[in-house]
Number of protein chains: 2
Amino acid sequence: MTTLSTKERILNSTERLIAEHGFAELSIRKISLKAHTNLAAINYHFGNKEQLINQVLERRLNNLFEVRMKMLHDLNQGDEKLACNLEQILHAFIAPALYMINDEHQGGKVFMKVLARAYAEQSDSLHELLAKRYTPIIKEFAEAIHLACPELPRATIFWRFHFIIGALTYAMGDFGASSMAKQMPEAEYFNKSVEELIQFAVASLTS
Amino acid sequence: MTTLSTKERILNSTERLIAEHGFAELSIRKISLKAHTNLAAINYHFGNKEQLINQVLERRLNNLFEVRMKMLHDLNQGDEKLACNLEQILHAFIAPALYMINDEHQGGKVFMKVLARAYAEQSDSLHELLAKRYTPIIKEFAEAIHLACPELPRATIFWRFHFIIGALTYAMGDFGASSMAKQMPEAEYFNKSVEELIQFAVASLTS
DNA sequence: ATGCGATTTAAACGACCGTTTGAATTGCTA
DNA sequence: TAGCAATTCAAACGGTCGTTTAAATCGCAT
């Protein structure tokens with residue numbers, strides 16, 4: 001194990017604690033204990049608890065959204081107005097979230113649970129952060145879907161894409177807790193989730 | 001306003017506080033203040049905080065699930081093996097949740113936010129309570145869907161119904177917070193949500 | 001090696017938490 | 001109306017919370 005900076009250890013520990021025990025039980029003291037650092041180090045490096053949580057989310061959201069955008073743009077190489085396969089578009093949106101989940105070493109798996117928790121919190125600062133990040137990417141993907149399915153009204157696309165995000169978020173947060181998960185190895189269940197989710201999303205947009 | 005018992009006032013206040021501020025900020029003191037009662041009255045009537053929260057959920061979950069079951073059974077009147085319209089089946093599952101939301105007087109609207117929060121919490125007791133309630137109803141609805149769509153593999157039905165529940169839950173928790181919500185009156189947005197959600201669910205099951 | 005800014009530390013602050021206690025009050029029955 | 005059980009109440013319990021303070025320590029350029 002490489003030696004991590006105090007700041008990184010705090011971010012990682014916070015992420016894990018939220019994923020494992022939720023926001024309600026999260027405390028500065030538990031974080032500092034898990035990160036093998038001092039209580040005050042957290043306020044020193046992050047100001048306060050709220051800013052720490054925001055940075056935990058931002059750190060990975062930035063990466064997740066960059067990957068999604070890159071995969072989308074790679075689909076219509078150069079030509080922005082080229083209509084592409086609906087399944088590919090949804091793959092570009094869904095798969096990065098699941099790749100991230102599989103990235104055990106970087107804690108992406110943990111993060112997706114954090115993200116699911118964050119959605120359900122009604123903390124204004126969290127909601128703002130998520131809305132600010134999601135708005136542009138939703139617009140881009142909705143536009144791509146419109147090109148792929150020109151017969152679908154734009155409003156319908158927005159509604160259904162919104163619902164797909166809900167299903168994805170819910171599935172990620174529930175990952176491993178489902179009764180289906182216990183009937184097969186975790187890796188297999190994971191891959192199956194990706195496949196089923198994409199097929200589900202495609203079907204929901206091709207009525 | 002009719003005079004409510006202390007127990008009812010505590011349940012109602014707890015429900016509202018969870019919906020408005022989440023589980024993290026919920027405290028016995030805030031509940032007793034909102035319910036115009038004493039701190040100790042809560043422990044007197046409910047034992048402890050955890051049991052109070054469980055009762056808040058059970059009170060409405062029981063009603064919600066009864067209505068769903070009744071609507072499903074009313075579809076195939078008497079004849080259990082009669083295949084019925086997929087849209088009607090999904091309506092029986094989705095609409096009661098939304099009727100409940102619209103039932104302002106009984107606080108159903110508030111409750112759906114509570115439910116959305118509860119999903120994201122990883123409290124074992126909450127998860128157990130929800131799993132115990134959901135398992136039988138999911139089986140019944142999956143069976144009805146199977147009769148309506150015999151060409152769909154049973155496993156696929158379970159996966160997609162699971163995703164639909166996710167979309168529904170997410171939509172309910174997000175109700176009113178969406179950017180779309182601000183562009184039309186609340187009642188209209190609500191009815192539109194029902195319609196779009198059912199159409200979305202139907203589409204996702206008829207690939 | 002010395003000085004200085006960056007970092008870490010122990011300790012304490014006031015505030016709020018869930019729960020318990022035992023006395024006061026209420027509502028109903030005998 | 002007397003008495004008893006159900007309910008409400010003020011007060012206190014031990015604990016945990018987020019944050020702050022000031023001293024100790026570290027890393028590194030001079």
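Per chain, numbering begins at 1; letters A, B, ... match sequence-line order.
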From CA spacing to verdict: side-chain hydrogen bond (donor to acceptor under 3.5 Å, both in side chains), B/Asn12, B/Arg59: CA-CA 11 Å; B/Asn12 291 341; B/Arg59 180 171 65 148; 3.0 Å; yes
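Using a cutoff of 4.0 Å between basic side-chain nitrogens and carboxylate oxygens, A/Arg60 and A/Glu15 are scored as salt-bridged.
In this structure, the CZ atom of B/Phe23 is 16 Å from the P atom of C/dC17, given to the nearest Å. Taking atom CD of B/Glu25 as the reference point, atom P of D/dG18 lies 13 Å away to the nearest angstrom. When the C1' atom of D/dA12 is taken as reference, atom CD1 of B/Ile28 falls 17 Å away, rounded to whole Å. The distance from atom CG of B/Leu33 to atom P of C/dC17 is 10 Å, rounded to the nearest whole Å. Going from atom NZ of A/Lys7 over to atom P of C/dA6 covers 13 Å, rounded to whole Å. Protein atom OH of B/Tyr44 is 19 Å distant from nucleotide atom C1' of D/dA11, rounded to whole Å. Between A/Ile42 atom CD1 and D/dT21 atom C1' there is a gap of 17 Å when expressed in whole angstrom units. Nucleotide C/dT7 holds its P atom 13 Å from the CD atom of A/Glu8, rounded to whole Å.
Toward the 5′ end of DNA chain D lies the nearest nucleotide of A/Ser27, the other residue of the pair A/Ala40 and A/Ser27 mapping further downstream.
Of all nucleotides listed (D/dC17, C/dT8, D/dT8), D/dC17 comes nearest to the side chain of A/Arg29.
Counting heavy atoms from C-beta outward, A/Lys70 and A/Asp74 have side chains that approach closer than 4.5 Å.
Under the 30°/60° scheme for interplanar angles, the aromatic rings of B/Phe93 and B/Phe141 are found to stand perpendicular.
Within the nucleic acid shown, A/Lys30 comes within 4.0 Å of sugar-phosphate atoms alone, with no base atom in reach, counting heavy atoms only. Among the heavy atoms of the strands lying under 4.0 Å from B/Leu26 are primed sugar atoms or P, OP1, OP2 only; no base atom is included. At the heavy-atom level, A/Leu39 lies under 4.0 Å from base atoms of the strands shown.
For B/Lys7 (side chain) and B/Phe46 (main-chain N/O), no donor-acceptor pair under 3.5 Å exists by modelled atom type.
Phosphate contact (OP1/OP2 of D/dA6, side-chain N/O of B/His45, threshold under 4.0 Å): absent. For C/dT7, neither phosphate oxygen OP1 nor OP2 lies less than 4.0 angstrom from any side-chain nitrogen or oxygen of A/Thr6. For C/dT19, the OP1/OP2 oxygens have a side-chain nitrogen or oxygen of B/Asn43 closer than 4.0 Å. Contact annotation: A/Asn38 side-chain N/O to C/dT7 OP1/OP2 distance is not under 4.0 Å.
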